[in-house]
Number of protein chains: 2
Amino acid sequence: MNKELEKLLFNPVRLKILSFLFTVDSASFKKLIEVSEATKGNISVQIKKLEDAGLIKVRKKFEGNYPLTLCKITSKGKTSFELFFISLKSYETNKTEK
Amino acid sequence: MNKELEKLLFNPVRLKILSFLFTVDSASFKKLIEVSEATKGNISVQIKKLEDAGLIKVRKKFEGNYPLTLCKITSKGKTSFELFFISLKSYETNKTEK
DNA sequence: TAAACTAGTTTATAATATAAACCAAATTAA
DNA sequence: TTAATTTGGTTTATATTATAAACTAGTTTA
């Protein structure tokens, strides 16, 4: 996994978003606020970063009268998420060598 | 695990340092540069942060004619490191719920 | 029609990461 | 012997990032 990608995912808010999208495949802006416990402004920025990196796809539409932002994980997002945890393992396994 | 601590460990360089100290119990500044692949300035700052948080203990002495900075993980550091990975699990387990 | 709410985005500021510059002393080379 | 280089760091300047606050644009309610 490349450095850029690791840096992107080494952030609680982005990792929570991606982690959640891994399970549900699609979620609203509102839901992501709830899941990540971050502010709206923060979520807005982090969604954009994940989108720019191609890890999620964002679709904006209207639900009734209100705007609705829907986020979906991409296949790149899925493999990146998995790779990230594989790379984390190398930190953790030190524990067993104590 | 509290928010401050999580934030402190949600950083590749600091996590690598702590992770390594978990295995060896004591390491030099030089060794930590090698392990973390970060610059001297960066390591210097991150060591201070880990020390301020009480996760590592730093001892400065002379080895022959040269200064030598030795870092050692504290018991708080050990439990923090373990707790951090336990909390990460909650992100990762989403994968299985797909 | 004014107040409050929804669903966001933008922006200002504070915090952080990092490289670069620096320091003090030791070593080596000229 | 003195100038250049190396060691083992620290400090600082700058760029990046995170975040809250302010804002946008429209909707609903009273």
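This structure is a prediction, so every number in the text was calculated from the model and none was measured. In what follows, chains are A, B, ... by sequence order, proteins preceding strands, each numbered from 1. Below, all heavy atoms of this structure are taken into account, side chains as well, without hydrogens, waters or symmetry copies.
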Rounded distance [0.5 Å steps], [atom1] in [X] versus [atom2] in [Y]:
X	Y	atom1	atom2	answer
B:R14	B:L55	CZ	CG	10.0 Å
A:L18	A:L50	CG	CG	6.0 Å
A:E34	A:F29	CD	CZ	13.0 Å

Options [options], nucleotide nearest the side-chain atoms of [X]:
X	options	answer
B:P67	D:dT17, C:dG8, D:dG8	D:dG8
A:Q46	D:dG9, D:dA18, D:dG26	D:dA18
A:V45	C:dT10, C:dG8, C:dT6	C:dT10
A:K60	C:dG8, D:dG9, D:dT19	C:dG8

Between [N] atom [atom2] and [X] atom [atom1], what is the distance in whole Å?
X	N	atom1	atom2	value
B:D52	C:dT16	CG	P	12 Å
B:I47	C:dA17	CD1	P	14 Å
B:E51	D:dT10	CD	C1'	14 Å
A:L50	D:dA18	CG	C1'	14 Å
B:K40	C:dA20	NZ	C1'	11 Å
B:F62	D:dG9	CZ	P	9 Å
B:L70	D:dG9	CG	P	8 Å
B:F29	D:dT7	CZ	P	14 Å

Tell me whether the side-chain N/O atoms of [X] come closer than 4.0 Å to OP1 or OP2 in [N].
X	N	value
A:R14	D:dT17	no
B:K7	C:dT16	yes
B:T39	C:dT18	no
A:N65	D:dT28	yes
B:N11	C:dA17	yes
B:K48	D:dT11	yes

I'd like to know if B:K30 reaches the base of D:dG8 with its side chain such that a donor and an acceptor end up less than 3.5 angstrom apart. no

NA contact type, [X], heavy-atom cut-off 4.0 Å: base, sugar-phosphate, or nothing?
X	result
A:I43	nothing
B:S44	base
B:N42	base

Is there a donor in the side chain of B:N2 and an acceptor in the side chain of B:E6, or the other way round, less than 3.5 Å apart? no

Return the 5'-most residue of the pair A:V13, B:L68 with respect to DNA chain D, ranking by each residue's nearest nucleotide. B:L68

A:L32 backbone acceptor or donor facing A:S36 side chain under 3.5 Å: yes

N-O pairing of A:E51 and A:K49 below 4.0 Å: no

